[in-house]
S.K.: 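Please read through the structure below; I'll follow up with questions.
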Amino acid sequence: MTSIGIIGTGFGGIGTAAELVTHGYDDVRLWERADTVGGVWRDNTYPGAACDVPGPLYSFSFAPNGDWSRRYPAQAEILDYLGRVADRYGVTRRTRFGARVVSALWDQDAWHVGFDDGTTETVDVLISAVGQLSEPSAPDVEGWESFAGSVLHAGSWDDSVDLSGRRVAVVGTGASAVQIVPRLAEVARELVVLQRSANHILPKPDGAYPGWYRDRAQRERRPIDWVTQQFSRGLDPDSTVATVIERLASAHLRLRVRDEELRRHLTPRHQVGCKRILFSNDYYPTLTRDHVRLVPHALAEVRADAIRTADGQWHEVDAICFATGFDTQDFLHGIEVTGPGGDLHEAWSAGARAHLGIHVPGFPNLFLAYGPNTNLGGGSIITMLEAQARHIRATLDRMDHHGARRVQARAEAEQRWDDRVQHDLAHSAWASCTSWYHHPETGRITSNWPGGTHTYEAAVADVHDEEFLWT
Ligand code: NAP
């Protein structure tokens with residue numbers, strides 16, 4: 001019996017484990033650094049945290065949820081759903097909690113996995129499901145350690161900090177910020193929002209599901225999926241969809257923000273789709289409130305009681321909330337991975353890459369969920385994760401079929417895949433501005449998949465024997 005170890009219990013780890021267990025792979029264990037399952041939905045507890053993909057699509061196809069209270073569910077509901085799926089598929093009982101993986105060494109046909117407490121475990125197959133958005137990052141500006149007030153980060157929110165009646169700064173204006181700002185404005189005495197780049201923001205067709213409708217809401221899955229496939233076409237700069245999205249975002253801004261100067265600051269300077277297109281009904285109205293101020297400049301410096309923005313102005317604040325995203329380029333952050341191909345992080349020094357986003361040549365029996373070039377600009381990442389889980393399971397089936405103990409992608413197959421992906425990315429909207437999708441030094445787009453979820457599903461649906469070495 002093949003023993004399988006999975007690092008992480010977010011959507012990726014839970015979905016992959018469920019796929020394997022339901023197809024007869026019983027020796028599956030998971031390692032989770034925290035003490036509950038949930039990944040980003042456990043960690044991102046900031047006020048207003050919710051999903052910007054509707055719940056009927058942002059859920060596993062094999063575990064439809066008849067309980068979403070609204071179209072765009074909040075973080076707590078998603079976490080609750082994930083916990084229930086993990087229990088139902090035996091994932092929770094297979095998980096060792098408080099187990100932070102720090103190393104993985106391939107030796108004598110097995111992965112020897114090391115933990116921060118000095119223990120090790122050995123498995124035949126190692127699956128990383130640590131995600132791309134698990135390590136919060138903040139700008140390394142001068143003096144920030146001297147700040148005397150509270151410092152929070154959207155990606156690791158401290159619920160015990162009370163921001164009521166305080167002067168608060170939010171740094172960043174991405175997907176997390178547009179959710180957090182309206183909620184903080186309800187409690188803060190003053191709120192200053194630091195914007196380095198304005199984004200395209202569309203209205204969010206959200207709403208509560210009445211009780212009688214909840215178990216029927218799942219019928220929205222297919223139409224929503226169709227819309228997201230069209231949406232992902234908007235990432236092709238020449239598409240009609242891109243023009244439609246841009247016009248909608250522009251009309252939304254005109255409608256919600258009357259003040260011309262504020263509107264000018266909120267007008268994006270980059271091509272639509274280059275940075276994530278955002279959805280919010282209350283972000284723009286919040287910025288027009290009297291005690292809320294948009295400062296269209298980056299954070300530059302911090303002192304004990306104030307922050308300085310790049311225009312030289314100081315702003316006195318009692319708390320700083322970073323909504324500045326994640327360390328997205330250090331895939332498998334904090335885990336030293338050593339295989340016949342050497343050190344994985346060295347192999348990826350010019351930017352992470354993997355065949356189908358799943359297999360790395362030179363690293364046998366290592367599979368990645370949500371690996372390089374599998375993030376989306378529109379659509380549900382759950383669809384991608386399920387496609388990867390099915391592919392990983394099918395690869396293990398083929399291993400069994402070949403009587404092999406090791407499988408790894410052939411370097412030529414990976415190169416062909418990478419050439420195709422990078423070619424398509426070079427013609428996408430993402431190529432036209434900087435964002436967290438790019439490797440900071442080489443500029444390579446390592447995060448995103450250049451297409452809709454259906455094209456990815458088709459690309460990984462079959463395991464082509466000739467693309468792999470079976471030994
Ligand atoms: P993000 O998209 O990386 O946004 C970070 C923000 O911080 C950007 O606006 C960035 O500006 C700004 N920033 C960085 N350094 C700054 C500085 N020194 N001064 C001022 N601003 C600064 O991070 P995120 O909002 O946490 O979102 C990350 C990803 O998480 C999203 O793209 C999405 O995939 C996921 N997410 C999803 C949801 C959901 O609803 N499904 C919600 C939240 C997050 P620049 O644009 O100029 O770099």
Side-chain angles (χ1 to χ4, degrees), residues 10-11 39-41 43-55 57-59 71-75 77-78 131-144 152-157 169-181 183 192-202 204 206 228 265-266 268-271 273-280 283 294-302 307-311 313 315 320-329 370 374-382 384 430 432-438 440 447-449:
F11 264 104
V40 292
W41 295 106
D43 298 336
N44 285 250
T45 58
Y46 58 83
C51 191
D52 61 8
V53 176
L57 187 62
Y58 199 83
S59 39
R71 184 166 292 123
Y72 290 87
Q75 168 267 336
E77 254 189 270
I78 300 170
Q132 294 190 17
L133 302 167
S134 49
E135 298 297 326
S137 80
D140 186 15
V141 293
E142 202 182 315
W144 78 267
L152 296 111
H153 194 293
S156 54
W157 196 257
V170 172
V171 186
T173 49
S176 301
V178 296
Q179 297 181 343
I180 219 166
V181 163
R183 296 292 78 78
V192 48
V193 179
L194 270 53
Q195 173 188 278
R196 191 164 67 179
S197 312
N199 285 307
H200 295 91
I201 305 180
L202 295 175
K204 195 172 182 180
D206 198 7
T228 64
H265 292 321
L266 289 169
R269 307 275 168 235
H270 55 265
Q271 196 168 308
C274 181
K275 292 174 192 271
R276 190 175 169 94
I277 297 164
L278 309 176
F279 294 87
S280 175
Y283 180 67
L294 180 84
V295 178
H297 299 285
L299 175 69
E301 190 183 344
V302 177
I307 56 174
R308 181 174 65 79
T309 39
D311 58 342
Q313 293 295 313
H315 313 268
I320 307 174
C321 303
F322 286 104
T324 43
F326 299 85
D327 179 0
T328 55
Q329 293 304 312
Y370 199 11
T374 65
N375 181 58
L376 297 171
S380 173
I381 197 66
I382 318 303
M384 303 291 275
W430 296 312
S432 63
C433 74
T434 55
S435 68
W436 65 260
Y437 309 137
H438 297 250
S447 304
N448 288 356
W449 165 245

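Because only heavy atoms are used, hydrogens play no part in the values below, and waters and symmetry mates are left out as well, while side chains stay in. Each residue takes its place number in the sequence, starting with 1. Each ligand, and each atom within it, is numbered from 1 in the order the structure gives.
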S.K.: Carefully, step by step, assess Arg276 and Trp436 under the rule side chain to side chain contact (heavy atoms under 4.5 Å, CB included).
M.R.: CA-CA 10 Å; Arg276 190 175 169 94; Trp436 65 260; 5.7 Å; no
S.K.: Would you mind reporting whether Glu301 and Val141 have side-chain heavy atoms less than 4.5 Å apart?
M.R.: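 They are not in contact (no side-chain heavy atoms under 4.5 Å apart), so the answer is no.
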S.K.: Under a 4.0 Å heavy-atom cut-off, what residues line ligand 1?
M.R.: Tyr46, Ala50, Cys51, Asp52, Leu133, Pro139, Val171, Gly172, Thr173, Gly174, Ala175, Ser176, Gln179, Arg196, Ser197, Lys275, Arg276, Ala298, Leu299, Ala323, Thr324, Gly325, Phe326, Trp436
S.K.: May I ask you to test the Trp144-Pro139 pair for a side-chain heavy-atom distance under 4.5 Å?
M.R.: no
S.K.: Once rounded to the nearest 0.5 Å, what's the spacing between atom CG of Leu299 and atom CZ of Phe322?
M.R.: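 Reported to 0.5 Å precision, the distance equals 5.5 Å.
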S.K.: What heavy-atom pair brings Val170 and Ala323 nearest, and what distance separates the two atoms?
M.R.: CG1-CB, 4.3 Å
S.K.: I would like to know whether Tyr58 and Phe11 meet ring-ring contact (aromatic ring centres under 6.0 Å, His included); could you show each step before the answer?
M.R.: CA-CA 10 Å; Tyr58 199 83; Phe11 264 104; 5.2 Å; yes
